[in-house]
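Below is one structure, written out as structure tokens; comments come after it.
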Amino acid sequence: MLKSPAKILQLAVTLIACAFLLVPTLQSVLAGVTVNYFQGVKSGLTLKWIWEVWDLYAASIFLSIWLAFCCLICTLIIGVPAAYGLARNPGRMSRVLEEFISLPLAIPGLALALALLQVYGSVQGFRAHWSFILVGHVLYTLPFMVRAVLSVMAAIDLKTLEEGAASLGAPAWRRFIDIAVPNALPGVLAGSLTVVTLSIGEFNLTWMLHTPFLKTLPVGLADSYASMRLEIASAYTLVFFIMIVPLLMAMQWASARAQRILK
Amino acid sequence: MTLKLTGVAKTFPGNIRALAPVDLDIKEGEIVSLLGPSGCGKTTLLRIIAGLETPDAGGVIRFGGDDVTALSVIQRKVGMVFQSYALFPNMSVRRNIGYGLKMQKLPKAEIDARVDEVIALCRLEPYADRPINALSGGQRQRVALARAFAPRPRILLLDEPLSALDAALRGQLRDELAVLLRSFGITAIFVTHDQTEAMAIADRVAVMSHGNIAQIGTPEALYRAPASPFVARFVGDAMPLAGRISGGALHLDGGALPLEGADGSTAYVRAEDVKLDDNGPLTGRIEAVTFLGTHYRIVLSGITPDPLALLHVGTSAPTVGETVRIGITPGAILTFSPETEDA
């Protein structure tokens with residue numbers, strides 16, 4: 001296997017690149033369970049910092065999960081019918097609309113947040129409510145849901161399937177429930193996982209919209225880095241990993257499934 | 001159920017005339033084929049009958065005594081077999097077939113009984129609980145037919161039902177489809193561009209061209225008495241005998257044939273009516289010889305401006321470059337008066 005110097009060089013570069021990415025990650029994880037980071041691992045391992053994070057930031061964790069869940073519900077309710085509408089009426093207007101929905105991808109989260117603050121910032125009950133952050137998250141994640149569902153719907157020749165169902169006597173709402181949604185399910189799944197992951201990890205927009213009483217996971221992370229012991233911030237990162245990695249893996253799996261349908 | 005179309009036309013946006021006003025009468029239980037080249041309006045006509053397209057104002061569609069022109073596809077109760085079959089990949093064979101019955105809100109026991117009946121009729125028992133993706137092309141075609149037929153439609157409509165299959169399978173399934181459709185005893189219309197398919201399955205064939213029905217009749221009638229050069233060419237591949245008709249004879253480059261016909265008429269002949277004949281009135285040169293098992297196909301030059309083909313049954317054939325005498329079966333020449341509208 002390692003016959004030529006070129007191969008050895010390739011392997012070395014790969015390993016160095018991996019180390020470059022992994023070492024800080026592992027060090028951070030280690031710091032989160034070390035008694036005293038400045039003395040190193042010899043000071044002993046502990047779960048104390050993780051419990052401390054839990055005490056300080058449990059509200060952030062629950063808020064993030066709650067926001068991601070609500071964001072998912074909203075993008076499902078808006079995004080799936082929107083993708084269905086776009087798939088059924090392919091035309092110039094649909095393209096324009098699709099681009100319009102995708103605009104939040106191109107606009108920085110900060111700008112989006114500023115715009116929201118300018119328009120709704122003075123609405124008292126709304127500004128300090130978690131639903132204000134939710135609006136930002138929905139705006140930001142909706143294009144991912146629409147695109148994921150639309151690409152699967154475009155690939156399955158939905159128009160003919162619907163004509164088939166209509167010729168069997170199925171009205172529009174039944175065709176949506178019986179034909180469009182089940183056959184676009186891989187797209188819905190891939191879109192859902194993307195939305196949840198993005199919502200949990202979203203920082204730019206949320207940083208602008210949050211209040212001291214409404215901190216999400218990434219905002220809490222920034223806060224802990226700024227104001228807590230390094231061990232607590234590192235333990236926080238560990239908690240974040242534990243939450244986001246299974247989601248990322250599920251997302252990979254779902255998009256692989258969606259890809260298979262598209263073939 | 002009878003079907004009666006009166007003045008049914010279709011103009012698409014941009015003033016594109018897909019269908020000229022068409023009249024069509026189909027009897028109870030009759031199987032009619034719409035045959036024509038692509039773009040002749042046959043699929044548009046089928047989709048109008050299904051209710052998937054609306055005809056231009058003035059057109060009337062009647063199923064039996066009912067005027068169904070204003071009814072949408074959902075209410076029209078037709079069975080439709082699509083070119084791509086449009087089977088629902090998220091449902092099993094059984095659920096696909098039962099879907100139309102479920103939409104009629106029938107009790108479950110009744111749906112199950114009817115689905116079993118249709119599955120047996122279409123010999124789909126071994127596949128009943130399989131997903132669609134696990135079926136072959138031929139099996140999918142039968143499921144599509146079973147699904148369209150299960151809700152007892154008033155009329156069965158089939159859009160190129162065999163064209164998604166490979167050539168070897170198509171011939172076999174053509175005969176199978178003909179038998180199944182007869183066993184259903186239902187009025188059926190199917191669209192095809194393949195004359196063999198149309199002739200094998202249909203009681204009557206409507207040959208379409210440029211949005212018009214050029215001729216409708218039994219396969220034999222179309223073949224033996226085509227109404228226009230287009231029909232002659234499309235059904236049975238008639239070849240033009242381009243020459244001058246005068247004084248009771250047809251004068252060709254390779255000789256003259258006795259033929260009664262008005263001056264200025266056009267004449268056509270089919271390859272099976274052209275013969276190698278040592279006493280024949282025409283002279284031609286052999287351009288190509290193809291051995292096809294049951295017969296030879298021989299291409300001749302020098303008789304008409306375009307090459308003329310003949311089918312020769314025998315154990316040997318002349319060689320390329322030979323000059324041969326050619327005859328034509330008496331009475332086999334199709335003549336069309338100059339007034340015959342050609343598409």
Side-chain angles (χ1 to χ4, degrees), chain A residues 76 80-81 83-85 87-95 148-192 254-263, chain B residues 13 43 46-47 49-53 71-92 95-106 111 114-115 118 131-133 140 143-160 164:
Chain A
L76 282 175
V80 177
Y84 177 65
R88 271 181 50 139
N89 308 297
R92 236 160 59 113
M93 272 314 289
S94 295
R95 306 299 311 171
V149 178
L150 189 58
S151 64
V152 173
M153 281 184 174
I156 56 173
D157 191 8
L158 192 64
K159 184 171 172 279
T160 314
L161 286 183
E162 282 219 58
E163 284 184 350
S167 75
L168 293 166
W173 67 271
R174 289 237 51 153
R175 299 201 296 269
F176 179 69
I177 293 170
D178 292 346
I179 310 300
V181 173
N183 287 305
L185 213 53
V188 176
L189 199 61
S192 299
S255 60
R257 249 191 72 144
Q259 286 298 322
R260 271 211 303 281
I261 296 259
L262 298 186
K263 264 177 215 156
Chain B
T43 295
L46 192 80
R47 289 174 63 86
I49 298 169
L52 291 166
E53 306 277 356
L71 295 184
S72 78
V73 58
I74 302 166
Q75 303 151 312
R76 214 171 267 196
K77 289 194 173 140
V78 294
M80 182 98 185
V81 176
F82 292 83
Q83 192 169 1
S84 59
Y85 308 142
L87 296 171
F88 309 135
N90 57 317
M91 300 181 194
S92 66
R95 284 186 60 211
N96 262 279
I97 296 173
Y99 191 74
L101 298 159
K102 195 174 143 198
M103 290 304 111
Q104 293 179 357
K105 300 193 172 61
L106 296 176
I111 294 178
R114 175 65 178 163
V115 169
V118 176
I132 297 303
N133 293 338
R140 285 178 201 208
V143 176
L145 191 65
R147 185 182 73 176
F149 179 63
R152 298 189 172 84
R154 301 202 269 191
I155 289 175
L156 200 55
L157 305 168
L158 305 95
D159 186 9
E160 301 263 8

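These numbers come from a predicted model, not from an experiment.
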With a 4.5 angstrom heavy-atom cut-off, could you sort out which part of [X] is near chain A: side chain, backbone, both or neither?
X	result
B/Lys102	side chain
B/Pro89	both
B/Arg147	both
B/Leu157	neither

Problem set entry | Residue among B/Asn133, B/Leu52, B/Leu87 with most heavy-atom pairs under 4.5 Å to chain A | B/Leu52
Exercise. Any side-chain heavy-atom pair from B/Phe88 and A/Asp178 closer than 4.5 angstrom?
Worked result: no
For this session: With the side chain counted from C-beta on, respond yes when B/Phe82 and A/Asp157 share a heavy-atom pair under 4.5 Å apart, and no when they do not.
Result: no
Minimal non-hydrogen separation, [X] against [Y], with atom names:
X	Y	result
A/Pro171	B/Met103	CD-SD, 4.4 Å
B/Val73	A/Ser167	CG2-CA, 3.6 Å
B/Pro151	A/Leu168	CG-CD2, 4.0 Å

For this session: Test side-chain contact (heavy atoms from CB on, under 4.5 Å) on A/Arg174 and B/Ile74 and set out the steps.
Result: CA-CA 11 Å; A/Arg174 289 237 51 153; B/Ile74 302 166; over 6 Å; no
Exercise. How many angstroms lie between OG1 in A/Thr160 and CE in B/Met80, if you round to the nearest 0.5 Å?
Worked result: 9.5 Å
